[in-house]
Amino acid sequence: MVRKLYIFILLIIISLGCKKRNTTISWNGNYIIPISKDSINLSKIFGSNKLNISDNGEFAVFNDTLEIFNLEQNTFLPELDFNITDTLDIPSIIYGIPFPPGFEIPISYTENVIFDLNDVKLREIDFKNLKVRYSINSNINGILYFILTIPNAKNNSGLEFKDTIIVPSADGQMNVFQGEILLDDYVFDLSNNNTVFNNIISSIRFGFSNENSQNISFSSSDFLSINLSLIDLNIKTVSGYLGNIEITDSSEVNINFMNQLSSNNITIEEPELKLIINNGIGMDAQIIINEVLFKKNLSSLLLQHPFIGQTINVSRALDLGWDFRYGNTEINFTNQNSNLNEIVSFLPEQIEIGYKLITNPLGNHSAYNDFYNSSHSFNINAGLKIPLKFNFDDLKFLDSININFPQNIEPKQGVLEIKIENELPLECCISLKLLNGDSLVLSPKCILSANVDSDGNFLKSNNTELEIILSEDIMENLLSEKKIILAIALNSPTNNNNFPINDNQYFSYEINLNLNTEIKIN
Amino acid sequence: MKKLLFIIFVGLPFFSKASPSDSLKTLDGLELTSSSKISIGSTHLPINFFRKIYYGGFINEKDKGKINPINSLQRSGLEIDINVRLKFFLNKKEGWYINYQNIITNGLQYNQGIYDAIFKGNIDVNETIFLNKTSFHSRNHQLFQFGKFNENISYGITVGNILQEINGHFGPNDFINFTNPYEWDIITSPNVISIQNTKNIIKKNGNSIGLNLKISKNIAPFENLKYNFEIKNLGWVYLYNNIEKVNFDTALSYSGLSLDQISSLNDSNNIFNNIFSKQPFSKNMSLVTPFEFNSNIILNKNKIEYYSGFYYRHNSQYFPKIYCGLKIKNNNKLNFGSILSYGGYNKFQIGFNSEYQIKNFGANLILQNFLGLIPSFGESFGIFLNLSWKII
């Protein structure tokens with residue numbers, strides 16, 4: 001009886017009490033959540049280091065520099081293919097002599113190679129690191145060791161490169177044994193004490209490893225050769241004569257955010273563009289900018305300026321030891337000497353520069369004293385100076401915004417309330433669409449511009465309160481698609497003025513969400 | 001939970017209430033008992049709420065309980081108490097006892113407004129929610145008790161392993177204000193300490209020591225009137241290893257994140273990611289044990305036992321409980337009784353008990369709250385189940 005009762009209770013309780021929770025806990029609630037509140041001025045958008053005030057103090061000026069061209073090392077230096085192959089001839093006189101383990105053959109196999117790098121004559125290369133790749137062909141029956149030396153490669157202690165390689169027994173069959181040796185901070189003197197250029201010397205000795213258990217003798221069928229190559233060259237500096245080459249090429253730079261912008265017309269008060277050519281290489285150069293092409297979608301626009309197609313001499317960099325001086329050249333573009341205003345309105349997504357670069361146009365002018373230091377380069381920067389006094393006619397910004405609700409939240413419906421105080425001379429109209437094309441209801445659709453005087457100067461801010469209704473259908477779509485398409489159209493108050501903006505004008509907003517949501521806990 | 005139920009019900013077959021004369025001959029008697037209880041309750045939440053918290057499901061408006069003033073103080077808690085006891089009788093009236101107890105309790109004390117803000121939303125929370133009385137705990141203590149007893153008094157020592165101890169409370173001036181739901185004012189200085197169990201069976205992160213005392217006597221000159229009072233595990237908890245603390249003092253008015261804060265939300269240095277994280281606490285800590293106090297007056301008259309009592313557990317968000325009840329003893333195999341109580345993690349409760357006795361078997365079932373049988377209505381549910389039989 002007791003046992004039956006106990007088993008009965010046990011089964012009931014275990015079946016009820018131990019049932020594992022396999023459904024989530026959830027509930028519905030109505031929440032008002034402050035999402036974001038901030039006041040934005042120009043410093044907050046662009047960073048205060050990129051802003052200064054116009055000479056008359058009326059408006060802010062945006063300054064920025066964009067690198068539009070950088071000369072890669074492999075463009076002006078030839079491929080440094082340092083490859084040495086040496087067949088280690090075994091003298092027939094020693095055939096049949098049994099050599100004990102540990103015995104070193106008293107012959108040095110030295111290879112002295114002068115590499116052909118066209119007209120480039122290198123005196124010295126300082127490597128941050130590089131690898132020596134070796135490949136040994138052997139059919140010797142016995143374990144060998146090789147002592148590899150490169151006398152003109154010295155580390156920062158002044159010691160020449162020397163390493164020992166152990167090669168397993170080939171047991172009479174032709175085998176290839178490969179490996180790599182990593183070298184850090186080695187300087188290669190390619191001039192053999194100022195007597196030649198592009199020269200590398202290697203020296204190899206070999207012997208029989210102590211690991212051999214018996215004497216080894218050579219026969220006429222024994223073969224031994226070694227190939228050495230320098231790979232993964234990470235150059236710190238190069239010196240010598242870097243050659244006279246002519247490179248015609250083009251370079252492209254993408255301005256990514258511009259593909260989200262379009263406009264009927266933008267007028268900016270006196271923008272300036274400065275092309276700054278910096279030569280950080282110790283060699284003279286000439287550059288001809290054949291064209292500067294601005295692209296947007298399938299359209300393009302050429303920069304017009306007298307310097308296009310003209311030869312520009314760029315002087316070499318000077319390394320004084322205590323100071324490094326770039327060779328600089330600057331070209332200024334304004335509304336007066338170019339079609340800059342047209343380009344600004346064009347809002348280009350990509351800049352393509354077609355150029356011709358001639359290195360050492362006067363030949364070996366420096367008497368083998370050209371240099372390249374990897375921490376300095378030859379580049380062209382675009383210096384932008386944009387006064388924030390402008391007129392926007394329907395400047396449109398289009399983007400898709402990711403909407404990620406926290407994992408435990410499953411919103412049913414809500415209202416997004418946006419309060420704005422606008423001190424900027426810009427009207428901002430907003431459109432929000434779901435990926436299925438349905439528009440969200442915004443009321444009103446536009447944020448009022450600040451009030452301005454007849455010269456466009458700020459008088460008084462305007463307040464706008466927006467409401468965006470997030471119905472159940474919209475919430476369902478947002479939860480599944482997790483994206484919304486935002487379109488903003490900015491317009492200046494009138495078309496006949498440029499409107500100044502100063503750093504003390506703010507765009508203040510407050511975004512709150514009134515949400516009916518299901519909260520889930522797994 | 002599975003492990004717990006396993007302990008409870010695997011322990012039950014050993015439950016016995018043997019008479020001393022049946023026990024081992026080397027002693028005058030030996031008695032082995034096991035008793036287990038489980039109860040869950042709240043001053044404002046229906047049992048359905050807890051059922052859904054445990055089993056999962058959608059908590060509907062009815063499950064969220066009735067509407068209460070924002071600053072009314074509420075309590076919710078869970079108690080599981082498992083005991084296995086051996087009594088060694090030196091003669092018919094006195095002897096020694098050892099007892100193993102595993103006590104698991106979770107308790108919360110909070111203002112209604114906090115609950116409403118979480119489970120209903122902050123839209124209708126139109127008063128400042130004071131946090132000064134908000135506190136909580138979660139503990140799992142393994143206690144070994146031993147001592148001496150005679151007819152009127154029992155006394156001894158409790159030593160304990162602290163398997164888990166989480167204790168938290170807010171500062172005296174802490175509050176949250178959603179009166180303007182677009183600008184939340186928050187002043188909090190919570191202080192939470194926590195230790196968790198170790199894999200080592202013997203060496204734990206904390207231990208406790210306490211005293212036990214129980215006195216039961218007749219009230220002279222009434223032969224049928226008696227009283228008892230008991231204090232269990234009055235002493236100190238000593239925490240010495242792997243203590244973690246959450247302790248910060250913040251006063252902020254939140255009306256939305258700034259653009260910079262939004263862009264650095266996933267930054268590990270973000271204040272929002274670090275403020276609530278537990279920090280290791282290298283010092284030792286001592287606390288008063290969560291001791292229990294129980295006192296009863298019992299009157300037996302005309303085959304009816306009338307009783308009234310008081311029960312309290314320290315540092316457990318427990319409101320002192322008072323109760324009274326009766327048991328009808330009509331010499332049938334099946335007897336009934338009832339109990340009325342107020343306190344603990346509940347308000348008023350009316351309970352029911354039944355006793356079934358045959359020759360060598362006894363069952364005693366106490367249902368703490370009738371209304372708990374209706375999960376959508378009752379605000380607590382407790383069950384005490386005692387089974388006994390004579391070994392020989």
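In what follows, chains are A, B, ... by sequence order, proteins preceding strands, each numbered from 1. The figures that follow rest on heavy atoms only: side chains count, while hydrogens, waters and symmetry mates do not.
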Solution key, residues 119-128 of chain B side-chain donor-acceptor pairs under 3.5 Å, sequence neighbours excluded:
unit_1, atom_1, unit_2, atom_2, d
N122(B), OD1, I32(A), N, 2.7
N122(B), ND2, I32(A), O, 2.9
T128(B), OG1, N177(B), ND2, 3.3

Q) Which answer fits I40(A), side chain, backbone, both or neither, if we ask what part of it has an atom under 4.5 Å from a heavy atom of chain B? A) side chain
Q.
So does L257(B) get a backbone contact from the side chain of S36(A), meaning a donor-acceptor N/O pair under 3.5 Å?
A. yes
Q) If you take all heavy atoms of P34(A) and Y254(B), which pair is closest and at what distance? A) O-OH, 2.8 Å
**Q.** K385(A), NZ atom: more than 12 neighbouring heavy atoms under 6.0 Å
**A.** no
**Q.** Worked verdict on K37(A) versus Y182(B) for side-chain contact (heavy atoms from CB on, under 4.5 Å)
**A.** CA-CA 10 Å; K37(A) 185 181 181 181; Y182(B) 304 109; over 6 Å; no
**Q.** Toward chain B, the part of K44(A) with a non-hydrogen atom under 4.5 Å
**A.** side chain
Q: Return yes if some donor-acceptor pair links the side-chain N/O of Y31(A) with the main-chain N/O of I118(B) below 3.5 Å, else return no.
A: yes
Q) Checking N516(A) against chain B: side chain, backbone, both or neither under 4.5 Å from a heavy atom? A) neither
Q) What do the steps show when you test K52(B) against W27(A) for side-chain contact (heavy atoms from CB on, under 4.5 Å), and what is the final call? A) CA-CA 10 Å; K52(B) 287 177 179 173; W27(A) 68 90; over 6 Å; no
Q. Would the number of heavy atoms belonging to other residues, nucleotides or ligands and lying under 6.0 Å from CD1 of I45(A) be above 12?
A. yes
Q: Test I59(B) against every option in I25(A), I519(A), N28(A) by the side chain to side chain contact (heavy atoms under 4.5 Å, CB included) rule and name the one that passes.
A: I25(A)
(Q) Restricting to side chain to side chain contact (heavy atoms under 4.5 Å, CB included), what partner residues turn up for F136(B), sequence neighbours left out? (A) L108(B), I166(B), V192(B)
(Q) Let me confirm one number: the CD1-OG distance from I35(A) to S255(B), rounded to the nearest 0.5 Å. (A) 12.0 Å
Q. Side-chain contact, heavy-atom cut-off 4.5 Å: F58(B) with T23(A)?
A. no
